[in-house]
Amino acid sequence: ELKDNTLIVVFGASGDLAKKKTFPALFGLYRDGYLPEGVHIVGYARTKMDEVEFHKRATQYIKNPNNDETITAKIEEFKKLSTYVSGGYEDDESFQNLEKHLKEIEATYQAPEKHRLFYLALPPSVFIPVATHVKKNNYATSGVNRIIVEKPFGRDFDSSRELLSALKSSWSEDETFRIDHYLGKEMVKNILVLRFANIALGAAWDKNSISNVQITFKEPFGTEGRGGYFDEFGIIRDIMQNHLMQVLSVLTMERPVSFAAEDIRDEKVKVLRAISPVEAKDTLLGQYVGANGKPGYLDDDTVPHNSVCPTFAATTLHINNPRWEGVPFILKAGKGTWPLNEAKVEVRIQFKDVTQGIFKDISRDELVLRIQPSEAVYLKLNAKTPGLATKVLPTEMDLTYKRRFADIKIPEAYESLILDALKGDHSNFVRDDELDVAWKIFTPILHWIEGKNGPRPKPVTYPYGSRGPKELEAFIHKYGYRRTEQG
Ligand code: BG6
């Protein structure tokens, strides 16, 4: 439940993440009346700026395309409940200064209980110092304290473990909310409902009916402007080990005992533990080169000129349990692989062929969950072409949200997750042991890519704006994917 009189402190308030995601999400919640009574937002960062400048930056990405007056008015109200403090990330004095500011605001609260939510929109280098200083200087003694942390959470199993234990020395698991924003996406949240509220789908959800599954992430842009960060991490850490693995775990976990956070997370961990580490033979790496008027990855000044960092990866995972034995799960993620202006993310579940006999050479059924853009669930299936002859027609049942739920506004992932954190609901956050197993699956391949045990593998190339490396078609074919006919 929501706690009145909550202070939300956003560290890294002048950074990209805070501007593009955190503040717009906080505003969205405020606009729709979801923030608790007496909420106050404090931005904190190193940048010295006055409140006017801070408000300008914090509201810069809030959408109001038609200059709607009520939204403009709400933005003004939102500014009134947001203040700014600048300071360092590593010295006590800065945090004591912040504390003074927080106390001043809290002095206006009537209730004895005062709660604090600390949001760390920060690079990993300052993440532990801030968490530690906050615990020491800014921890509310008469109320609930919570901390939200963002990825990247480590570089591999060992470094993630180090971060985990450093954080645990000051914050309990119950107080910690590790964000993977994919868990806040509407269609990802729908997966549990589709699977466990439908007997028809649930019955076909295993190796007896499913041939292969693809989880795909395509993005229309490269690493422009963040090549420095990206080159250190690569596409597997940026997208696959976290976002796509979260989708995979809700897609494949067993039915939880209940909808409670720990029951759900227990099942996610269990299925992840049944996955063997990714092997080089099941991996295809790519790097984009300049095309369609866009520069290549190596043309970026912030990227070392001979970098072999993959901007595209396809890997196939195998789940060693009775439900999924023998079903390949193909994960694909690529920068610069999609022409539209928003990333395209989808899950494609391809069913097995029907037994030959009455019908020959017909398309396989496919269930597609489009996570973005434009959420949709559609089932490609065969039907009889209407008419006197019996002819099989590949067609589809289509649940496109824009049409079916035209009047319902779909919340942003960050809105949904920040609200959950305010309520103390961990269901859609990453638990420590979940993180551990996800890293276990990818650490060997990451070390191989980074040349820890031999020469670094060279990625194949693909043109910016293409569908990825030309080798991809053969790769997915190898794992049993068959292109279906268009209806
Ligand atoms: C982030 C990655 O976690 O997710 C980015 O660091 C990526 O590289 C982004 O662009 C994609 O998120 P979304 O919500 O746009 O699909």
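When a ligand or atom number is given, it counts from 1 through the structure's own listing order. All of these numbers come straight from a predicted model, not from anything done at the bench.
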*Nearest heavy-atom pair of Asn212 and Val327: which atoms, and what distance?*
CA-CG1, 4.0 Å
_Would you say the ring centers of Phe27 and Tyr61 fall short of 6.0 Å from each other?_
no
*Which atoms from ligand 1 have a heavy atom of Lys151 less than 4.0 Å away?*
1 (C), 2 (C), 3 (O), 6 (O)
*Provide the number and element of each atom of ligand 1 under 4.0 Å from a heavy atom of His181.*
3 (O), 4 (O), 12 (O), 13 (P), 14 (O)
*Test of proximity, Glu219 against ligand 1: N or O pairs below 3.5 Å*: yes
_Interfacing atoms of ligand 1 (cut-off 4.0 Å, heavy-atom, Lys185)_ = 13 (P), 14 (O), 16 (O)
_Proximal atoms of ligand 1 relative to His243 (non-hydrogen, under 4.0 Å)_ = 1 (C), 3 (O), 4 (O)
*Nearest-neighbour protein heavy atom for atom 15 (O) of ligand 1, which is reported as residue plus atom name and distance*: Gln372 NE2, 4.0 Å
*atom 16 (O) of ligand 1: which protein heavy atom is closest, and how many Å away?*
Tyr182 OH, 2.5 Å
*Has Arg404 got more than 12 heavy atoms of other residues, nucleotides or ligands less than 6.0 Å from its CZ?*
no
*asked:* Please verify the inter-ring angle class for Tyr414 with Tyr119; under 30° counts as parallel, over 60° as perpendicular, anything in between as tilted.
replied: tilted
*Of the choices Asp238, Asp180, Val345, Ile179, which has the non-hydrogen atom that lies closest to atom 5 (C) of ligand 1?*
Asp238
*asked:* Under a 3.5 Å threshold, yes or no: a donor from one side chain and an acceptor from the other, between Gln246 and Lys268?
replied: yes
*Mind checking whether Glu342 has a heavy atom under 4.0 Å from ligand 1?*
no
*Tyr464 versus Asp299, side-chain donor and acceptor atoms under 3.5 Å*: no
*Partner of Glu173 by side-chain hydrogen bond (donor to acceptor under 3.5 Å, both in side chains), out of His426, Arg431, Arg178*: Arg178
*Arg226 and ligand 1 - part of the residue with a heavy-atom distance under 4.0 Å*: side chain
